[in-house]
S.K.: 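One structure is given below, represented as structure tokens, and several questions about it will come after.
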2 protein chains.
Amino acid sequence: MPATIRDVAHASGVHISTVSRTFSAPHLVNAETRSRVLAQAESLGYRPNRAARALITGRTHNLGLIVADIANPFFPPMIKAAEGQARLRDHHIFVADTNEDALVEEDLVRAMAKQVDGVLLCSPRMNNSLIEQLSREVPLVVVNRLVAGLPCVVMDVAQGARDAIAHLVGLGHRELALLGGPRGSWTSREIRKTATATARTADVALTVISPNPPTEDGGLAAAEQVVRAGASAVLAYNDLMAIGLIEGLDALGVAVPTGISVVGIDDIALSRRTRPKLTTVANPTSAAGRAAVDMLLQHGDDRRTTAQVMLRTELMIRDSTGPGPFAAQG
Amino acid sequence: MPATIRDVAHASGVHISTVSRTFSAPHLVNAETRSRVLAQAESLGYRPNRAARALITGRTHNLGLIVADIANPFFPPMIKAAEGQARLRDHHIFVADTNEDALVEEDLVRAMAKQVDGVLLCSPRMNNSLIEQLSREVPLVVVNRLVAGLPCVVMDVAQGARDAIAHLVGLGHRELALLGGPRGSWTSREIRKTATATARTADVALTVISPNPPTEDGGLAAAEQVVRAGASAVLAYNDLMAIGLIEGLDALGVAVPTGISVVGIDDIALSRRTRPKLTTVANPTSAAGRAAVDMLLQHGDDRRTTAQVMLRTELMIRDSTGPGPFAAQG
DNA sequence: GTGAAAGCGCTAACAG
DNA sequence: CTGTTAGCGCTTTCAC
């Protein structure tokens, strides 16, 4: 039913290879012929079949994008940005959701491998050696994780954690808690490492509660442990958990920020709408999505550079943090 | 580099057609031969190239999913559900974002047409005749719009609007306002039609403010008009607008629900987290995503039935609605 | 039950 | 500048 290259060739009285050239190397074809072919193609509604083209060129003009959870509000802006950037570069994007499952991740990469030019692996849960192995089967750009030798895009969460803790310590908090994220998360490990070191340097206590599901329920469920730990301020792995935690604390009769201060990470849209508005470390997710696509696409042209990009984060001070027990007197 | 069917054929000492059968019609091949082939395929890491297969079978095992705005929290749960359902049925999904632009929509459908078995057109902004035309080029399932003769999945927004207005009238409101959605939205027209009729029946005034961008800013920008209209209660096209409106009203010194009551539509996750919690009409978006995928996939097997599915909505009464000027005295 | 051959829609040398 | 030829990886008749 849909027009093929042959239909266009017949209609315009040329060989199919001329039609092919008209689309893939227009400069190699006589201007007059070209416009004739183009006109026929137009009127027949012809569009080159990319899958057929890919069979021979090896380039599908498709990209894969694998995330842990599409419905986690952290991802949609990144997906949107990646999709937009890909389309700008004339590529389409397969989006898949792993439900936070490392096994699904692996399978998905392999399943996509044949029909994409590369995949964006976002916040992977699998281990590094498997990622390295997969990167030999299909070009990979890893987002939210640093893997030696592979192109990566990460947020500077270490700086974010330092800023957050400095903020809390400056407010007079000396008993902190850290709500870790899911097992397998590079970001969670990174935050924990930095937070631990920063707390030690600042000579404040830090109770680590980890791992937790990176969801509101995860934060909610941790509220009791936070209270039991005697912390006056908490840094959460992400905003969702921070929001859940605030709700959990509320249920326990602990107000935020008067009772306990809470800092999130991500700056999802939601964090500006809750009451209290969430103090959080903003992550440039859209920029990350665009950068990852660009790296994947240039990766093909020029394999020498396996760049690793670290994007700046920014502490957004809002209403979920306040003076701690050791605050300077006003 | 990746193993092809030929590699497997050589390795297992059979003709490629036997390997092909092993994967696409296993019952036609000797059990012994089959297991030998499978073993070699496994050890070579062979996976059939779906694009090549599609060239001949005409089935790509890919689906397209087109939405107005990935970052609009209404869509991610639907995308997630659709992707999950598709994978269950061994299909992959291309996701694309039109930025609420009807022209982009059309182009996207055509661009995907050749490499998918069908596309889910979600909340389309283009007109019906174009949709019908496109449905002749590629199987389409329309979500959030009823188009005669095409398979569609919609939410019963009419019932939702009736419920919302009944709720408000019951609360003693007699001056209502409706915040419409974007131009081209079937849902928005449907809500408006029903709301107008329902208001007339109930003998209450209804000021329609439309169209508006379906975003928080859209709601925020409309706050002044709402106040000027003298309405004591508002039904908004979606939760995002409702939330923006509440913020805008707040800025104008009007409290919700004491000054004005607000009802949203969708029941996005966010609506349970705002203060006040939003009264809203819940839309079963995940169910819609799954249903749409199922319809698209069975559409291929059985073209006789072009089902139209209408999913039930449910009014969630929370804290953004309260007694109006004509409330019965307590 | 398996092999041989043709061909899906397209591109990429190679002639001319 | 354009036509010829071969073939990408796979499925599908059709013989055997």
Side-chain angles (χ1 to χ4, degrees), chain A residues 1-38 40-41 44-62 90 110-117 137-138, chain B residues 1-38 40-41 44-62 90 110-117 137-138:
Chain A
M1 192 66 221
T4 82
I5 198 172
R6 230 171 307 260
D7 301 326
V8 180
H10 286 154
S12 31
V14 296
H15 194 263
I16 62 164
S17 52
T18 301
V19 178
S20 174
R21 281 186 206 103
T22 307
F23 286 93
S24 45
H27 58 283
L28 290 181
V29 65
N30 182 355
E32 207 175 300
T33 317
R34 194 196 315 152
S35 59
R36 188 155 36 99
V37 170
L38 252 18
Q40 292 300 332
L44 291 174
Y46 169 75
R47 294 226 184 188
N49 181 325
R50 289 184 165 197
R53 177 183 280 180
L55 213 47
I56 193 156
T57 61
R59 314 213 65 230
T60 62
H61 275 238
N62 292 151
D90 197 25
R110 292 227 165 84
M112 285 183 169
K114 291 289 204 337
Q115 43 187 340
V116 300
D117 297 336
E137 303 176 24
V138 55
Chain B
M1 192 62 223
T4 82
I5 197 173
R6 229 171 309 260
D7 301 326
V8 179
H10 285 155
S12 32
V14 296
H15 195 263
I16 61 165
S17 50
T18 301
V19 177
S20 174
R21 282 186 205 102
T22 306
F23 286 93
S24 44
H27 58 282
L28 291 181
V29 65
N30 182 355
E32 207 175 301
T33 317
R34 194 196 314 153
S35 62
R36 188 154 37 97
V37 170
L38 252 18
Q40 291 300 331
L44 290 174
Y46 169 74
R47 296 224 185 190
N49 182 326
R50 291 184 161 196
R53 178 182 281 181
L55 212 47
I56 194 155
T57 63
R59 314 212 66 230
T60 62
H61 275 236
N62 292 149
D90 196 25
R110 292 228 165 84
M112 286 182 168
K114 290 291 204 335
Q115 43 188 340
V116 299
D117 297 336
E137 304 175 25
V138 56

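Every chain is numbered from 1, with letters handed out A, B, ... down the list of sequences.
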S.K.: Select base, sugar-phosphate, or nothing to describe what B:T4 touches, counting heavy atoms under 4.0 Å on all strands.
M.R.: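 Counting heavy atoms under 4.0 Å across all strands, the contact made by B:T4 is with sugar-phosphate only.
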S.K.: Decide side chain to side chain contact (heavy atoms under 4.5 Å, CB included) for B:R36 and B:T33; before the verdict, give the C-alpha distance in whole Å, the side-chain angles of both, and the deciding distance to 0.1 Å.
M.R.: CA-CA 5 Å; B:R36 188 154 37 97; B:T33 317; 3.8 Å; yes
S.K.: Which pair of non-hydrogen atoms, one from A:L55 and one from B:A52, has the smallest distance, and what is that distance?
M.R.: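 That would be CD1-CB, 3.7 Å.
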S.K.: Return the CE to CD distance between B:M112 and B:E137, rounded to the nearest 0.5 Å.
M.R.: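 It comes to 14.5 Å.
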S.K.: Just the endpoints, please: which first and last nucleotides of DNA chain C, 5' to 3', lie under 4.0 Å from a heavy atom of chain A?
M.R.: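 That gives a stretch of C:dC8 to C:dA13.
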S.K.: Of all heavy-atom pairs between A:K114 and B:R47, which one has the smallest distance, and what is that distance?
M.R.: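 Shortest heavy-atom separation between A:K114 and B:R47 comes out as NZ-O, 2.9 Å.
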S.K.: Answer yes or no: is there a donor N or O on one side and an acceptor on the other, between the side chain of B:T4 and the main chain of B:R6, under 3.5 Å?
M.R.: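 It does hold such a pair.
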S.K.: What nucleic acid atoms does B:V14 come within less than 4.0 Å of, heavy atoms only: base, sugar-phosphate, or nothing?
M.R.: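 If one applies the 4.0 Å heavy-atom cut-off, B:V14 turns out to touch the sugar-phosphate alone, with no base involved.
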S.K.: Which angle, rounded to 10°, do you find between the first-five-pair axis and the last-five-pair axis of the helix from C:dG1-D:dC16 to C:dG16-D:dC1?
M.R.: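 For the helix from C:dG1-D:dC16 to C:dG16-D:dC1, the axes at opposite ends meet at about 40°.
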S.K.: If a pair satisfies salt bridge (Lys or Arg N to Asp or Glu O under 4.0 Å) and one of its residues is in residues 48-58 of chain A, list it, with sequence neighbours excluded.
M.R.: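 Applying salt bridge (Lys or Arg N to Asp or Glu O under 4.0 Å) to every pair that reaches into residues 48-58 of chain A, excluding sequence neighbours, yields A:R50-A:D90.
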S.K.: Mapping B:K114 and B:H15 onto DNA chain C by nearest heavy atom, which one lands closer to the 5' end?
M.R.: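 So the residue in question is B:H15.
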S.K.: Identify the heavy atoms of B:V8 and B:Q40 that sit nearest to each other, and give their distance.
M.R.: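 Closest heavy-atom pair between B:V8 and B:Q40: CG1-CB, 4.4 Å.
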S.K.: Could you list the donor-acceptor pairs under 3.5 angstrom formed by side chains in residues 22-31 of chain B, with sequence neighbours left out?
M.R.:
residue : atom : partner : partner atom : Å
B:T22   : OG1  : B:T18   : O            : 2.7
B:S24   : OG   : B:S20   : O            : 2.8
B:N30   : OD1  : B:E32   : N            : 3.1

S.K.: Name every residue in residues 21-31 of chain B that has at least one heavy atom under 4.0 Å from any atom of DNA chain C, in order of residue number, or write none if there are no such residues.
M.R.: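 Here the set is B:R21, B:L28, B:V29, B:N30.
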S.K.: Quick one: label A:R6 by what it contacts on the DNA or RNA (base, sugar-phosphate, nothing), any heavy atom closer than 4.0 Å.
M.R.: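 A:R6: base contact, heavy atoms under 4.0 Å.
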S.K.: Need one value for A:S17: base, sugar-phosphate or nothing, where a base atom within 4.0 Å counts as base even if backbone is also close, heavy atoms only.
M.R.: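 Result for A:S17 = base.
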S.K.: Contact boundaries of DNA chain D with chain A (under 4.0 Å, heavy atoms), 5' to 3'?
M.R.: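 The footprint of chain A covers D:dC1 to D:dG9.
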S.K.: Between B:L55 and A:S20, which has a closest nucleotide on DNA chain C that is more 5'?
M.R.: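 The residue whose closest nucleotide sits nearer the 5' end is B:L55.
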S.K.: Against A:Y46, only a single residue in A:V37, A:D7, A:I5 fulfils side-chain contact (heavy atoms from CB on, under 4.5 Å); can you say which?
M.R.: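 Only one of A:V37, A:D7, A:I5 forms a side-chain contact (heavy atoms from CB on, under 4.5 Å) with A:Y46, namely A:I5.
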S.K.: Return the minimal non-hydrogen interatomic distance between A:A3 and A:L44, and the atom names on each side.
M.R.: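 What the structure gives for the nearest pair is CB-O, 3.7 Å.
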S.K.: B:T60 and A:Q115: side chain to side chain contact (heavy atoms under 4.5 Å, CB included), yes or no, with the steps?
M.R.: CA-CA 10 Å; B:T60 62; A:Q115 43 187 340; over 6 Å; no
S.K.: Nearest heavy-atom pair of A:V138 and A:A113: which atoms, and what distance?
M.R.: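 Smallest interatomic distance, heavy atoms only, reads CB-CB, 4.1 Å.
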